[in-house]
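Note that these values count all heavy atoms, side chains included, but never hydrogens, waters or copies made by symmetry.
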Amino acid sequence: MKSRSSFGWLELIIGILLILLGVFTIVKPGVALTGLVVVYGIVALIMGIADIVLYVRVERYTGFGPMVSLISGILSVMTAIMLLVYPNAGKWVLSLLFPIWFIAHCISRLSQLNTIRITAGNGMYYFTMVVNIIGVVLGFIMIINPLFSMLSVSYIVSIYLILLGVDSLAMAFSNMGSKM
């Protein structure tokens, strides 16, 4: 069995990239948000086409296709067109869905705290706990006040990306690999 060094190169690279992305988002929040909407539009288009192709292939071989796949594909293509043609509408939608993702991600990280304590120690445990509790609170604030969400989503994302980057850097320099 190959032993792993205690230095986490992947965590280091991820941490640096997250910090750089967070700084870029602070410097150019409008460009970052529009870019995110366009990426979501492209992904929705690809997924929609894949769903429609799946429907056609299954229908050709069996005589009937999964209607859910066809409906999902059509809705995904329509969503993609809306996001790509009207990115400002996509920003509004993103500002409404972002808090839900934010809360879900933070709860997921909080559920991993025991593993983090065992593998990375108490320092990482408390740091991860504090960062993600702050994330849950911010997520609920954004749900309660959607205008706050719309106006602050880029800044919250950038600060959170930087915090996640610092978290990854701390994991890279922790002794996580040596305890496994």
Side-chain angles (χ1 to χ4, degrees), residues 5 7-50 76-113 116 119-120 123-174 176-177:
S5 74
F7 190 75
W9 287 102
L10 182 61
E11 290 86 1
L12 176 71
I13 293 168
I14 289 171
I16 291 170
L17 290 175
L18 286 170
I19 290 171
L20 290 174
L21 185 60
V23 169
F24 175 76
T25 305
I26 285 176
V27 173
K28 299 204 180 251
V31 173
L33 190 56
T34 301
L36 189 59
V37 169
V38 169
V39 167
Y40 279 136
I42 292 169
V43 169
L45 182 64
I46 292 168
M47 289 174 61
I49 291 170
S76 291
V77 169
M78 289 171 50
T79 301
I81 291 169
M82 188 272 305
L83 290 174
L84 295 172
V85 174
Y86 302 109
N88 286 333
K91 289 179 187 179
W92 277 100
V93 171
L94 188 62
S95 69
L96 296 174
L97 294 178
F98 179 74
I100 296 168
W101 167 80
F102 208 75
I103 292 168
H105 176 75
C106 291
I107 290 172
S108 171
R109 294 285 288 190
L110 287 170
S111 72
Q112 301 167 8
L113 283 176
I116 291 171
T119 57
M124 280 305 302
Y125 170 84
Y126 290 116
F127 181 77
T128 301
M129 182 175 60
V130 169
V131 166
N132 287 288
I133 288 173
I134 291 170
V136 169
V137 171
L138 285 174
F140 279 111
I141 290 171
M142 289 186 288
I143 285 177
I144 292 169
N145 189 351
L147 182 59
F148 172 75
S149 177
M150 179 62 182
L151 297 175
S152 64
V153 71
S154 292
Y155 297 108
I156 291 172
V157 167
S158 61
I159 290 168
Y160 193 65
L161 286 171
I162 291 171
L163 287 173
L164 284 176
V166 170
D167 187 38
S168 290
L169 288 178
M171 288 285 224
F173 290 103
S174 74
M176 187 170 171

Could you give the side-chain donor-acceptor pairs of residues 129-142 under 3.5 Å, partners two or more places apart or in another chain?
from : atom 1 : to   : atom 2 : distance (Å)
N132 : OD1    : Y160 : OH     : 2.9
N132 : ND2    : T128 : O      : 2.8

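When every heavy atom of A80 is checked against every heavy atom of G41, the shortest pair comes out as CB-O, 3.2 Å. Contact detail for S76 and A44: the closest heavy-atom pair is CB-O, 3.5 Å. S158 approaches G22 most closely through the heavy-atom pair CB-O, 3.1 Å. Between I49 and V77, the closest heavy-atom pair is N-CG2, 4.0 Å.
With a 4.5 Å cut-off on side-chain heavy atoms, I162 and L18 do not count as touching.
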**OP:** List the steps, then state whether side-chain contact (heavy atoms from CB on, under 4.5 Å) holds for V38 with L83.
**Re:** CA-CA 7 Å; V38 169; L83 290 174; over 6 Å; no

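Rounded to the nearest 0.5 angstrom, S108 OG and L110 CG are separated by 9.0 Å. For the atom pair CE (M47) and CD1 (I42), the distance works out to 14.0 Å, reported to the nearest 0.5 Å.
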